[in-house]
2 protein chains.
Amino acid sequence: MPARVTTLKELAASLDLSITTVSRALAGHEQIALKTRERVAKAARLAGYVPNTAARTLVSGRSGFVGLVLPIRGPNLVDSFLGEFVTGLGEGLVSHGADLILATAALDQSELSVLRHVVESGRADGVVVTRIAEVDARLTYLRQRGFPFVAHGRLLDNGFAYNWLDTDGARAFGEAFDMLYDLGHRHFGLVTISEPMTFRHLRQDGLAAAIGRRGDPSVRLDVVTAPRFDRGARIQAVNRMLQDPDRPTAIVALFDELALTVMEEAARTGLTVPRDLSVIGFDNIVASAYAPPGLTTFDASIRQCAREIADMLLTIITDKPAAPLTRVIRPTLVPRASHGPVPQARS
Amino acid sequence: MPARVTTLKELAASLDLSITTVSRALAGHEQIALKTRERVAKAARLAGYVPNTAARTLVSGRSGFVGLVLPIRGPNLVDSFLGEFVTGLGEGLVSHGADLILATAALDQSELSVLRHVVESGRADGVVVTRIAEVDARLTYLRQRGFPFVAHGRLLDNGFAYNWLDTDGARAFGEAFDMLYDLGHRHFGLVTISEPMTFRHLRQDGLAAAIGRRGDPSVRLDVVTAPRFDRGARIQAVNRMLQDPDRPTAIVALFDELALTVMEEAARTGLTVPRDLSVIGFDNIVASAYAPPGLTTFDASIRQCAREIADMLLTIITDKPAAPLTRVIRPTLVPRASHGPVPQARS
DNA sequence: CACCTGATTTAAAACGTTTGCATTTTTACC
DNA sequence: GGTAAAAATGCAAACGTTTTAAATCAGGTG
């Protein structure tokens with residue numbers, strides 16, 4: 001077992017062929033005699049030859065890597081989708097022989113600066129950008145740079161053409177409303193966030209559109225807002241809604257973490273879900289299955305999204321399609337036990 | 001804004017200096033005049049110069065990457081620690097200016113073959129290997145290859161010197177026993193797995209050692225085993241233990257997933273935790289906080305472990321210490337509501 | 001037997017850095 | 001003003017590939 005890495009030069013020498021021929025033989029070029037190709041392939045296998053990535057990248061301009069920037073948000077805050085997302089990306093990439101680079105943005109670094117570094121150092125052939133904000137400097141940079149990328153999520157500005165994949169939150173929230181309406185609910189609550197993320201609009205608009213479609217003037221919607229990562233403020237906001245004597249009978253939360261807070265606070269203040277209150281979330285995080293009585297939610301299929309994003313990105317890198325690629329994933333309802341018929345009139 | 005990447009040659013030309021000087025100036029060599037260094041630094045900043053990774057790697061032999069192999073285990077199975085682990089690694093690496101490469105092993109690929117590819121293509125300066133089995137071909141390969149690595153977990157064979165970091169499962173299981181013993185429990189159950197992972201021995205041995213230390217012959221321990229990823233078999237094994245009329249009053253599970261199954265099955269069969277049965281897990285996965293009544297467990301501090309692993313690995317890469325680095329992390333008890341005093345004699 | 005054609009193979013340049021060694025420039029001293 | 005030493009800069013090779021353009025070879029033809 002050689003402790004050294006076999007190089008093309010050594011392999012060529014051992015075969016009494018030129019580097020050129022060996023390189024071409026391994027690449028499977030037709031112009032190299034078939035028996036030479038076979039001879040080279042066998043020798044390469046025996047020697048355990050693996051081409052040097054740096055050298056290959058340098059000359060070909062292709063690294064075979066796709067980049068993802070991982071922001072560190074705080075000492076105890078881990079992106080709850082990261083595992084699934086990364087797994088999906090890996091899955092999508094491996095079938096094309098590509099690998100993932102995870103570049104970390106420390107607390108004091110902007111995600112954009114790390115992204116620039118990844119792009120400009122030539123480490124990656126394309127990048128994936130997640131959690132798109134309403135206006136997002138990363139996309140502006142990538143587009144003007146002409147660098148291949150796929151966004152997971154959308155901008156607010158539709159005039160800006162780019163490649164994206166997104167879950168159809170609008171549709172899901174519409175479905176949630178319809179389901180709850182059919183269960184007799186008329187007074188709805190929406191718990192949302194204050195950060196300028198596009199998905200909050202899409203989902204809220206989806207809810208509003210569904211309400212509009214019913215044309216029932218008795219339907220009411222209360223909205224309460226909290227900062228995304230501030231647990232204290234979130235609890236406070238939720239309680240503002242729950243403590244109201246005229247509180248909604250059904251609460252839709254922008255995503256599961258918020259819905260779980262609603263359920264916890266409801267339990268803490270003596271409300272029984274779903275008897276007194278229906279709650280619906282979005283994302284289907286693992287905890288949602290365990291939190292009593294089991295949160296009804298929509299599965300965002302993060303892993304599948306990531307897999308498709310990887311496919312899209314590799315298509316963009318190799319085929320350079322003229323028109324941007326876009327794709328909408330339909331979330332599926334995961335009915336559990338946190339929703340039910342509207343409670344009868346309260347005393 | 002240039003769509004092209006600035007190269008050292010261009011930068012040198014614009015400064016009317018040689019490539020050599022510019023390279024050295026940016027590297028901060030003392031031999032370059034201070035004012036030249038400053039002039040170059042400024043121009044580089046202005047031009048947005050970022051050195052090409054491939055070229056640098058090729059000549060220096062250092063890629064600035066650390067590798068991790070991500071195995072795809074199944075369409076719906078995601079490594080529950082992946083997010084935390086990767087975040088910790090990123091955190092540890094970023095402070096040294098290194099980045100992470102995630103190489104995916106498809107279902108039909110061995111993790112070892114992917115690992116070899118990463119190592120031999122020169123993509124990484126070192127690798128992290130997780131979930132060490134009792135006997136692990138990956139470590140054998142890496143050692144004979146002389147490639148820098150840190151293992152998260154241990155081998156059964158202690159004669160084999162290598163760099164590792166592990167959580168002190170033995171200690172935690174000892175603590176769990178002591179706590180339960182002091183609550184009056186004398187009949188214990190251990191739910192463990194059949195896969196040849198070293199940690200199952202360490203934890204079980206820790207439990208046995210604590211039992212031995214008490215020297216109380218009335219203490220009994222039942223052990224039940226299930227395959228790790230087979231949910232059906234797991235449920236069956238747990239029920240074998242729970243249905244026994246002479247069942248344990250306290251069950252310790254090798255890790256949280258198993259403990260959650262115990263709690264679910266207990267609830268399903270009419271047992272109330274912790275009144276009728278105490279349950280303790282290990283890992284502190286997110287769901288453990290939500291699963292009623294709240295699982296008492298040990299926090300394995302995956303993120304912190306990963307951060308330290310990154311530090312260890314970078315130390316190994318740069319300093320090449322003669323003796324292997326090893327580190328034991330002490331897990332901390334997370335007391336929740338799934339443990340309590342031994343139930344009074346049953347009818 | 002010289003020549004042409006098509007099939008194989010090869011030499012050499014290029015990718016963008018780092019670095020050993022040589023060269024040029026500056027400084028200090030007489 | 002000349003010289004030696006010190007300081008600063010530059011030349012060129014090297015890293016391991018891919019690729020362009022050219023060279024060689026074998027086989028058939030006239």
Side-chain angles (χ1 to χ4, degrees), chain A residues 2 4-41 43-44 47-65 97 117-125, chain B residues 2 4-41 43-44 47-65 97 117-125:
Chain A
R4 242 171 359 79
V5 182
T6 308
T7 156
L8 205 51
K9 197 199 283 187
E10 292 170 3
L11 193 59
S14 81
L15 283 162
D16 205 28
L17 283 172
S18 74
I19 295 180
T20 309
T21 305
V22 176
S23 172
R24 289 220 170 94
L26 289 172
H29 286 213
E30 293 287 336
Q31 59 184 306
I32 302 296
L34 182 59
K35 62 182 174 210
T36 308
R37 293 212 296 271
E38 287 168 345
R39 195 161 67 97
V40 170
Y49 171 72
V50 178
N52 180 289
T53 304
R56 174 176 278 185
T57 302
L58 187 55
V59 61
S60 71
R62 280 282 178 81
S63 68
F65 283 119
H117 195 263
V118 169
V119 168
E120 287 166 26
S121 66
R123 292 162 130 76
D125 302 333
Chain B
R4 240 171 1 80
V5 182
T6 308
T7 156
L8 205 52
K9 196 199 282 188
E10 292 170 3
L11 193 59
S14 81
L15 283 161
D16 205 27
L17 284 171
S18 73
I19 294 179
T20 309
T21 304
V22 176
S23 171
R24 290 210 171 100
L26 290 173
H29 286 211
E30 293 288 337
Q31 61 183 313
I32 303 297
L34 181 60
K35 65 181 174 214
T36 308
R37 293 211 295 272
E38 286 169 343
R39 196 163 66 98
V40 171
Y49 170 72
V50 178
N52 180 289
T53 304
R56 173 175 277 187
T57 302
L58 187 57
V59 61
S60 71
R62 279 282 178 81
S63 68
F65 283 119
H117 195 261
V118 169
V119 168
E120 287 164 25
S121 67
R123 293 163 129 77
D125 302 333

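Reminder, nothing fancy here: chain letters follow the sequence lines and each chain counts from 1. Below, each value reflects all heavy atoms present in this structure, side chains not excepted, and no hydrogens, waters or symmetry copies.
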Legend entry - Sidechain-backbone polar pair: R37(B) side chain, H29(B) backbone, donor-acceptor under 3.5 Å: yes

Side chains of [X] and [Y]: closer than 4.5 Å at any heavy-atom pair?
| X | Y | value |
| --- | --- | --- |
| V40(A) | I32(A) | no |
| L26(B) | Y49(B) | yes |
| R123(B) | H117(B) | yes |

d([atom1], [X]; [atom2], [N]) in whole Å:
| X | N | atom1 | atom2 | result |
| --- | --- | --- | --- | --- |
| N52(B) | dC15(D) | CG | C1' | 13 Å |
| R62(B) | dG16(D) | CZ | P | 16 Å |
| K35(A) | dA7(C) | NZ | P | 15 Å |
| K9(B) | dG10(D) | NZ | P | 16 Å |
| L26(B) | dG16(C) | CG | C1' | 13 Å |
| I19(A) | dT10(C) | CD1 | P | 11 Å |
| Q31(A) | dA21(D) | CD | P | 13 Å |
| R39(A) | dT9(C) | CZ | P | 8 Å |

Inset, instruction - Decide yes or no, distance alone: a donor-acceptor N/O pair under 3.5 angstrom between the base of dG20(C) and the side-chain of R24(B). - result: yes

Legend entry - Side-chain-base donor-acceptor pair under 3.5 Å for T20(A) and dA11(C): yes

Inset, instruction - Scan S60(B) against the nucleic acid and name what it touches under 4.0 Å (heavy atoms): base, sugar-phosphate only, or nothing. - result: nothing

Inset, instruction - Would you classify T36(B) as touching base, sugar-phosphate or nothing, given that sugar-phosphate means primed atoms plus P, OP1 and OP2, and contacts are heavy atoms under 4.0 Å? - result: sugar-phosphate

Side chain of [X] only, please: which of [options] is the nearest?
| X | options | value |
| --- | --- | --- |
| A55(A) | dT17(D), dC15(C), dA14(D) | dT17(D) |
| L58(A) | dT9(D), dC15(C), dT17(C) | dC15(C) |
| S23(A) | dT18(D), dT9(D), dT18(C) | dT18(D) |
| L17(A) | dT18(C), dT10(C), dT18(D) | dT10(C) |

Legend entry - Any Y49(B) side-chain nitrogen or oxygen under 4.0 Å from OP1 or OP2 of dG16(C): no

Inset, instruction - Establish, with yes or no, whether the OP1 or OP2 oxygen of dG10(D) is under 4.0 angstrom from a side-chain nitrogen or oxygen of S18(B). - result: yes

Legend entry - CG-OG1 distance between D125(A) and T57(A), expressed to the nearest 0.5 angstrom: 7.5 Å

